[in-house]
Every structure is written in structure tokens, then in C-alpha cells.
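Since the structure comes first, as C-alpha cells, the remarks are kept for the end.
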Amino acid sequence: MFEETIIAISTPLGYGGLGIVRLSGKKSLSIAKKIFKPKKQKAKIKPLRPILGNLYDFEQKEFFEEAYLTYFPQPSTYTREDMVEISCHGSPIILEEIIRIGIKAGARHANPGEFTLRAYIRGRIDILQAEAINDIIQASSLKQAKISFKQLEGSLSRKIASLRKNIIHLLSQIEASIEFPEERLRISPKQILKTIENTIQGIKKLIESYILGKTLSKGLTLAITGRTNVGKSTLFNSLLERERAIVTPYPGTTRDYLQERTKIKDSIFSLIDMAGITTPSHPVEKEGIKRGKKLLSDADGVLLLFDTSQNETLEDFKLLKQCKNKKPLLLFNKIDLPLRMNKEKVKDQGKNLPSLEISALKGTNLEKLKAKIHKIFVPNQNQGEEVILHLRQKLLLEEILDCLRGGGRLLKEGYTEEIIAEEIRKIIPLISQLTGEIKADEIINDIFNRFCVGK
Amino acid sequence: MNTEDEYDVIVVGAGHSGCEAAYAASCMGLETCLITIHLETIAQMSCNPAIGGLAKGHLVREIDALGGIMGLLADETGIQFRLLNRSRGGAVQAPRAQSDKALYRQTMKTWLERIPHLTLFQGIVTEILVKGNKVTGVMTLDWNRVFGKTVILSPGTFLNGLIHIGLHSYSAGRANELASRELSDNLKKLGLKTFRLKTGTPMRLHKQTIDWKHFTPQPGDKKPIPFSFRTQKELENKIICYIGYTNSKTHEIIRKNLDKSPLYSGKITGIGIRYCPSIEDKVVKFPHHSRHQFFLEPEGMDTEEIYVNGLSSSLPFEIQKKILKSIPGLDQAKILRPAYGIEYDAVVPTQLYPTLETRKIKNLFLAGQINGTSGYEEAAAQGLMAGINAALKIKKQKPFILCRDEAYIGVLIDDLISKGVEEPYRLFTSRAEYRILLRIDNADKRLIKYGYRYGLIEEKEYEVFLKKQEKINKTMAFLQKEKIKTKSNETISLKDFLKKPEVKLENVLEYKKFKFNLTDEEIRHIESEVKYEGYLKKQEKEIARIRKIDKEKIPKEVDYGKIPGFTQEVREKLEKFRPQTIGEAKKIPGITPAAIVNLHVYLNIQKREKCST
Ligand SMILES: Cc1cc2nc3c(=O)[nH]c(=O)nc-3n(C[C@H](O)[C@H](O)[C@H](O)COP(=O)(O)OP(=O)(O)OC[C@H]3O[C@@H](n4cnc5c(N)ncnc54)[C@H](O)[C@@H]3O)c2cc1C
Ligand SMILES: Nc1nc2c(ncn2[C@@H]2O[C@H](COP(=O)(O)OP(=O)(O)O)[C@@H](O)[C@H]2O)c(=O)[nH]1
Ligand SMILES: [Mg+2]
């Protein structure tokens, strides 16, 4: 399958003014020559030199668009194969047309990620980088794009490399104690346990960053709840910066829920406007409420609204109790109207919960609200900390964690080092799926670098 | 010896490797000639007077199960015995023994002299005789030609050996023994790639010039454990070793004189063993250590020579004396033989088949230090395998190759031929993927069948093994069947009870008497089998899975040029060797695990595509 020449649009559809179509494979240039004719008739296509010309439908024998073509000979290309890039105005129709005639001329439509796969297969990039590139293409938020770039530069690879080093250290500690019983190294089980625990901490941090990665690529879900008519839909609309939910002065307008993606600061959020009904009067509502409850418990964050122009009600407290464990942000809405609510009493019930006074209708404190949402619900990302973006990596890390915990547990139960080693050695094939293989020699080298052994 | 005769097997060099090789080949009924520089130095221990230790002791047990001699001889001539890692599990326990060097040499010589089909011959081999690309014999320094169908080379550290003491150096294979320069040149001429390695040995002291009260005694085990499954006699500890330490004064002397070290002054170019560092190395590499441990080990019963394990050095003799002066108890010690370093040629082992035959020259086998290893046991193991395989080749039988999951010998040879070596190779238990499986207590169970098959294990010995196995099986069944109530009031089988980390078989006896009269050896075996049961089952499954993949066929018509992701080197190698199975592809030197995965995946995709179209 890697013998064929592939073609694909390499800029996301519907984005910006410029579109790029890429070809990769042995026949890239010959296909390009069929579908592209230089402006200057005698002009030759030279490596790495963009050349202006017209795209040509060789079946209909007509030119259809002006474009630049650049030829990149192998092996110093992204895929290490011959590649051609055609850049033109990014209208989806034109881009699709280029693909169509490219296929007619002998190319195959690339499978998703196939360019990157080829780069990987040909040894151009490591697997982590391959995944990062895919993320850039899919990046739906600025921050994620930045993280992807960072990863591309190998910062995640570096992080994993350091984890790999820790594992080697741990293994060499255990192995040294086994291989050199005569040398009084005094490597106690306690010390080994300490190394295991330190390694566990490091991995946990990496795993935590996966959650961050997930939220950044898929968006955090943020549920807006509160009793009927407190202004949920109004807030929903003003956070979306467009009309989506129907706002009426009549209670119960939003029967089910609405969900929309929006950007708050540079992160993607998926906002949910919940049905504000707690006692259903109709089977349809019942169903809606059930679904709403599930949404609420799955949400990454909850905004709980109160109408300060009304007296607090039992329902307000019931809702507060219901979602207390989700650590909601309490929003006292309609502050543009005269105050009727005993806010202190509500706040007392929601001990230690963050709160803010707003007017969804007038937009009061909306910016503050956004900042607060970001601060509370976007997981903390330390400066310079890398992010794990892939489930596969996370699962591997979790498996490694299990091995470490298993080893630690056995050690505590009094099992001897060679058994602990069996548990820890299980990590070797796992970590080689994240980064380079760990070879026996590396562990032995580490032993001799750290311990003065051998006679 | 009649030089007109043609031998089946010629072995060059009667070191630890050559002796096993010659022994195995002649026991397999082949006319064998063992040529060595001095008959007096047969099986000389060039360095420490000890055999065994972690991984090395494992090797000796395996050699023994295959019918080799090292284990029997180590038991016969041992003067102190210890089982290492007693506080840990059976998989990482290994025997180690101090040997009487002279007795070891003499006994080996006597044993070999009395073996039918084996001829010992004193001579210096200068040339390998080759016709076409096949070996025909060897030539000695005095122009004797000895013809043979196969030749096993095991010249140890002698190939172009160069000894260093301080900044002085001289050509030698061991202290004051002739180096083999012609042979080394000849190998290069034959097209074998060689490289340079280095090692070293400490000084020997006169026992009566040491003030022993400064040192801590280290006695042998109360109940010594033999290397060999076949040793009948009671082993006896005859000597005590002692432990001492260097001090900051010693280190200062060394630091001040590093410029006189051939290594640190840049005179030695060979790559040294980190596994056996000189005292200079230790001081330089670990400057924060205030002292380094050493052992005082007698070289034998009929000698006053004491080996100073841990003070290996290539500093000048004068400095060696100063070093001793700085250590209380050794300050008056007389040096009988100075410490020295040695550089020598080794042959790049990736040029070998797993049988240890060279790829370049048919019927030429290499074994021991020449393949880049270090250590008596590593050498002996290779010698045995080369001897068996040379014999099998002549008998036109299938070669004998041990897998990595079968024996440390398999790990050792596979590492050598598939990865090559950059520095003297020493075996460690951590090099084995299946450490729990490769134990001293089951070496016979793993390997004796082969020794028996090739005639190296006698009928009687094999029967003893079968009886032992029967007894063990019965005991295992008993442990499985019988249930007890523990102190915490749970009802479990004896076997499950024995699985607890703190429980020994003797504790099980407190609950239930059993009639089986078990030896210590058998007890250790049963404990291991029970305690490791879970791991063993898992590893066996994994091995079966891998074996299955190894057997997968590579279609003859496969076009390696079409498989993506191969480096030029991998592609060329696969095209050249055209392996028939994945397992064979794995054995090709320079083929990486990643390339194997790639190949396997590709073949499976092809298969699936074929099925779907
Ligand atoms: C100074 C020194 C220090 C060492 N230190 C250590 C150490 O610290 N740790 C360790 O594990 N190992 C050490 N060794 C290595 C250990 O001695 C060897 O690994 C082991 O002996 C190798 O066995 P072998 O059979 O390959 O060769 P050897 O035991 O060296 O035997 C080679 C035999 O071949 C004979 N021979 C050589 N050339 C010819 C020829 N042309 N014709 C006929 N016969 C020939 C020699 O006479 C000798 O009998 C040391 C060796 C030396 C010399
Ligand atoms: N004065 C004022 N009215 C508001 C505010 N927020 C919402 N409202 C009004 O309250 C009524 C109910 O709003 P809606 O968003 O539909 O409430 P929901 O039922 O919680 O979705 C509408 O008439 C809104 O205009 C606010 O901050 N101030
Ligand atoms: Mg609403």
C-alpha cells in the first residue's frame, strides 16, 4: 500500500484563503505534470522552486484554476518520498476538483493520517511526533495547536525519555542488588520502594496532563443549571455570543437541553443549557430531565444560577444540594433588578463554593465570569509542562503504573528482589511502545555507572 | 602423534573453552586433537582462583547438565564453596567456589589424557589451512601440518596479546607466555574482522607476609552445594577468604600516579571491561568513595600465593608496592607476581552462526575469549557448544542451538552473534528475558535430555535424573492434594501455603509429615517451582506464542524492496540470507527487533489482503 502515490487536501476545509493539495509517492511529479501546466511554456519544474501555472483538466482539456506548484524530491521530505505541493485559492470546490483529476491521473486518495504514517514508517519521525501532527490538523483551539507544536519539537518525547531513564534507574537498582550480592551495595527494599514511589509520582503527573489534553482538544463540558426562569438561556446565549436558545419570560421554555461549542479565552467549551424543571408534568419532560441529570453528572463543570430578584426557594436549595459535589460556580443573576434574595443564606449552604454576581441580560461581569470559568474549570497547566494528548499513551502509562504498584506491593509483602524485578521488567515492552526500546545493556551500563561493582 | 593423520576435530588452545570443546567432541566418538602452547598450562585460570557466581554459576550448572566437565572439576578441586543470594529466591541463587588452581590444571590434564579418541599435542598454531572456503587443518610454528575436518579456535587472550605494566609493555598472551601473533595475522588474512579488547589481573602476594588480623574472615557455607548434579563426594571447605578495604591514602597514591597508567595516559587503545574495573578505574570513577573493598583469596592448598581480588591494576610495579604500603595488613606484603593489564585481539562475533562456526570459512569454529567474552565459564560454555556442533557437523546431524528461553548458554551465544560486543562480554542474569525459568535447580530438567542425546550424559546418570524427577512429581502432587488449616484458620493446600513469601518447605513439614526423602537440592527445586508457579506459567505461555511466530513462514517470493520502513542494511541482509521463517530472520545479525515487527506486520497484511481478494 505504500507503493502508491497518494493525494490529499492538507489544509482543513473551509479555513482561510489558501488551500494546499499534497502528493506523495514515486509518481508525484509525473501526476503533477499531467494536471498542471506552467505559465511559461518552456519552464521546467525544478526541485524546491515554486512555479506558477494553471491546473489542467486533461479529460475536458481545459484549464480551471491558477496555482503554484512546488516539487520536493525524496528523501528530505516529510514522508521521505517524492512530494508535490499545489497551492491555490482555498475554495473547497476547487480543492476537491484537484483531488478528482489527481486521482484520474493515477493518484490514490490518502487515508486519514497516511502522510504522517508514511513519515513514521520511513523513520522520519517517532510515534509521538506522528500523533502530534495529527493533532495540529485537528486542533480546534489555539492552545492545543500550540501544545501540538511543542510536542512536535519533541517535548513530550523528552518527558517520556526522562520517564524511561527513571525506569532504567529503578531496574538497575534492583538488578545491582541481585547481581552483586558480595559487594555490600546495601540497596535495601526500602530504597527500592522509594524509587518506585518517585517513578509513580512522575507518571501520575503525565497522566493528569492527559486529562488536560483531552479537555483542550474535545472541549470541556459546562452545564448551566438552575430553576426555571433564572436566566440560563440568556446566559447561554451571551456566552455563545449569538442567539441559540429561545428566551421567553414564560417559565419552562427550554424543555430539553441545548448544547453548543464556544471559545472562552483560548479554550473550547461545550455549553449545555439545561431544562430548568425539577418536577415534570409531562412524560416528555421526565425523559428530558433524566437525560439532563446524566449530563450534569458527566459535565466537567457546572454553573448554578439564582435569580436575585426573587426570594430564594426550596428548589434553589435542592439544586444546590444536588450538584454540590460537582463544585459548581454559583451565579447570582439579574443584579440589575432590585435585590430580593438572601444571598448570604444561599452562600452559607454552598460553603466554600466560588460565586459571582452577574446580569446575563445586561452583560454585567460577563468578562469576569469568563475569566473565572477559565480559572476554575480549565485544569492547571504548569508553565513548560507538556501534555499528553492520546488515549493510547495514557493507557500505556496506566499499565506501567500498574506494574510499578504491583512491584511496590509485593516488596511490602516481603517478596524478594527477583520477583519485584519480574513486575518491573514488564514495563520494558510497554515503554518501548512509547519511546525507544530498553536493552539489557543499558541497564547493565547504568549499574556500572552508578555502583562501584566488579572486581 | 602422527602428523599424517587426519582428525575429525582439531581444537587450538587448551583453555577453559578448548578443554570443553575437545572433551565433547571426543566423547561423541570423534577423533580429536587438542593443540596447545604448553601442556602444563592446560585449563590455567589466568585470573582469579574461583569459578561461579551469579549467572556464571548458572552457566556451570548448564554445562554440567549437558555433560560438560567444568562443574565436576570445580567440585573436585574446590577448596571453599558458597551459594550466593541465599536470602533471595531460587532463580537468583548461584554457586561460587574457590579453586585450587594447580590442582584444577593437573586434574583437567589427567582427565583429558585418559579420554579415548583424544590426542593432546604441544604446539603453537600459526596458520589455519584453508582450501576454497573450507578449513583443512592447521600449521604449527615448527612447520607441522595437522589435518582435520573441522577446527575449533580457542586461543583466549593470546591473539596479539600485549601486556602493560605502567608505561612498559611487551608481547605476551599471559604473563611471560608467548603471544600468538602469526595466528592473529592469519585470521585477518582469512577475512575475519577483529577488534581490540583489554583486561587486567591483580598482584599475587605471599601469604606469610600478610598481617591477617587486619582482615575480616569470610568462611564458606556450612553445607556446601556442588556445581555438578553428578558429584557424589562430600564437599569440604579447606580455606577461608578475607575481606579488606583500601583507604584515602591509597586513593591519593593512585590519583597522583595516573599519568603512569597506560590506560589513563592513553597508551592502551583496547576497550576495557567495566565489569572488572582496575583499582585506578574505581578511584577515578567514584571519587566520593572513601574506600574500596577487596578480597584475599588463596590460590590453592600447596602454595602460599594469595590473589588480591579487587586490586587489579596496570600501574607500574613501584606504585603497586606503594598501594600495598598504604593498606594496614598489607604494608609488609611481598608481591610474588605483579598486577598487569593485557590487550588482545578478538574476532567480531557477528561473523558467526549460532553454532559458533564462522560464516566466512566452513568448518572453522571459534569459542571463548576470542569471541569477545570474558570469564572462564563463558568460555567453557562456548567451547562445549562448539565441540558438540563440530561433531554434529561431521556426523551430518542437525546443529545444536539453545534458545534464549532455554538456557543462559542460549542467551550468551545469541547476544554474541546477533548483537556483537563492544567491550568484553560478561553474562548477567538480567540479560535473560526468562530469569525465573533459567535456574540452577532446574538446569538438569531443562538440558540433560540433550546431553543424553549426544552421548555426553551416561545412561546411569540419566536414570538418576529420571528417578529424581519422579520423586519430585510425586511430592508436587502431594503438596497440591493435601490441605491444611493455617493459624489464621483458612483451609489451603500445602502448595498454596508454601507460596507465601516467608514459608519454606520445612515449615510445611510442621503441618504434615511426608514420606519423601528429599535432598537439599530437591527441596530448593520444589520451593522454586511452587513459589514461582504463576510467573512460570505466564512465561511458558509467552514463549509458546513467540515460538509460534518464529515458525511463521516467509513466502519465497517476498520482495523485500517492497516492504516499507526497512533501512538499506536490513533490506540487504534479508535479501542476502532470504530467511524461511520469522525465527530465522531474527537470527540474522544486524536485524533489529523493530525490523522483525515490521516484517511480521507486513506479511500478515499481505496474508489478509490475499484472503480478502
Ligand atoms: C590478565 C588476565 C586477566 C583476566 N581477568 C579476568 C577477569 O577479571 N574476569 C574474567 O572473567 N576473566 C578474566 N580473564 C579472562 C579469562 O582468563 C578468560 O576469559 C578465559 O580464560 C578464557 O578462556 P579461553 O578458553 O577462551 O582462553 P584461555 O583460558 O586464555 O586459554 C587459551 C589457551 O590457548 C592457548 N593458545 C593460545 N594461542 C595458541 C596457539 N596459537 N596455538 C596453540 N595454543 C594456543 C593458550 O596457551 C591457552 O592455553 C583474564 C585473563 C587474563 C589473561
Ligand atoms: N433583568 C434581567 N432579566 C433577565 C436576566 N437574565 C434573564 N432575564 C430574563 O429572565 C427571563 C427568563 O430567562 P431565560 O433565560 O429564559 O431563563 P431560563 O428558563 O433559566 O432559561 C427572560 O425574560 C429574560 O429576559 C438578567 O440578568 N436581568
Ligand atoms: Mg431556558
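First the proteins, then the strands, lettered A, B, ... as listed; each starts at 1.
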Item to check | SB check Glu175(A) Arg435(B) (cutoff 4.0 Å) | outcome: yes
Next on the checklist: I need the Arg425(A) CZ to Tyr434(B) OH distance, nearest 0.5 Å.
Outcome noted: 10.0 Å
Item to check | Between OH on residue Tyr532(B) and CD on residue Glu422(A), distance to nearest 0.5 Å | outcome: 8.5 Å
Item to check | Residue Lys27(A) excluded, over 12 heavy atoms near NZ under 6.0 Å | outcome: no
Checklist entry - Quick one: of Leu311(B), Ile279(B), Asn48(B), Ile436(B), who has the most non-hydrogen atom pairs under 4.5 Å with chain A? => result Ile436(B)
Checklist outcome for this item: Heaviest contributor of heavy-atom pairs below 4.5 Å to chain A, chosen from Ile243(B), Asp415(B), Thr429(B), is Thr429(B)
Item to check | Positions in residues 188-200 of chain A that reach chain B, provided some heavy atom is under 4.5 Å away | outcome: none
Checklist outcome for this item: Turns out that what part of Ala432(B) lies under 4.5 Å from chain A's heavy atoms comes down to backbone
Item to check | Qualifying residues under salt bridge (Lys or Arg N to Asp or Glu O under 4.0 Å), relative to Lys538(B), sequence neighbours excluded | outcome: none
Checklist entry - Less than 4.5 Å apart, any side-chain heavy atom of Phe428(B) and any of Ile178(A)? => result no
Could you tabulate the donor-acceptor pairs under 3.5 Å formed by side-chain atoms of residues 409-417 of chain A, not counting sequence neighbours?
unit_1, atom_1, unit_2, atom_2, d
Thr416(A), OG1, Glu418(A), OE1, 3.0
Thr416(A), OG1, Glu418(A), OE2, 3.2
Glu417(A), OE1, Arg88(B), NE, 2.8
Glu417(A), OE2, Arg88(B), NH2, 3.3

Item to check | Under 3.5 Å donor-acceptor, Glu179(A) side chain and Leu54(B) backbone | outcome: no
Checklist outcome for this item: The side-chain contact (heavy atoms from CB on, under 4.5 Å) partners of Asp414(B) (sequence neighbours excluded) come to Arg404(B), Ser418(B), Lys587(B)
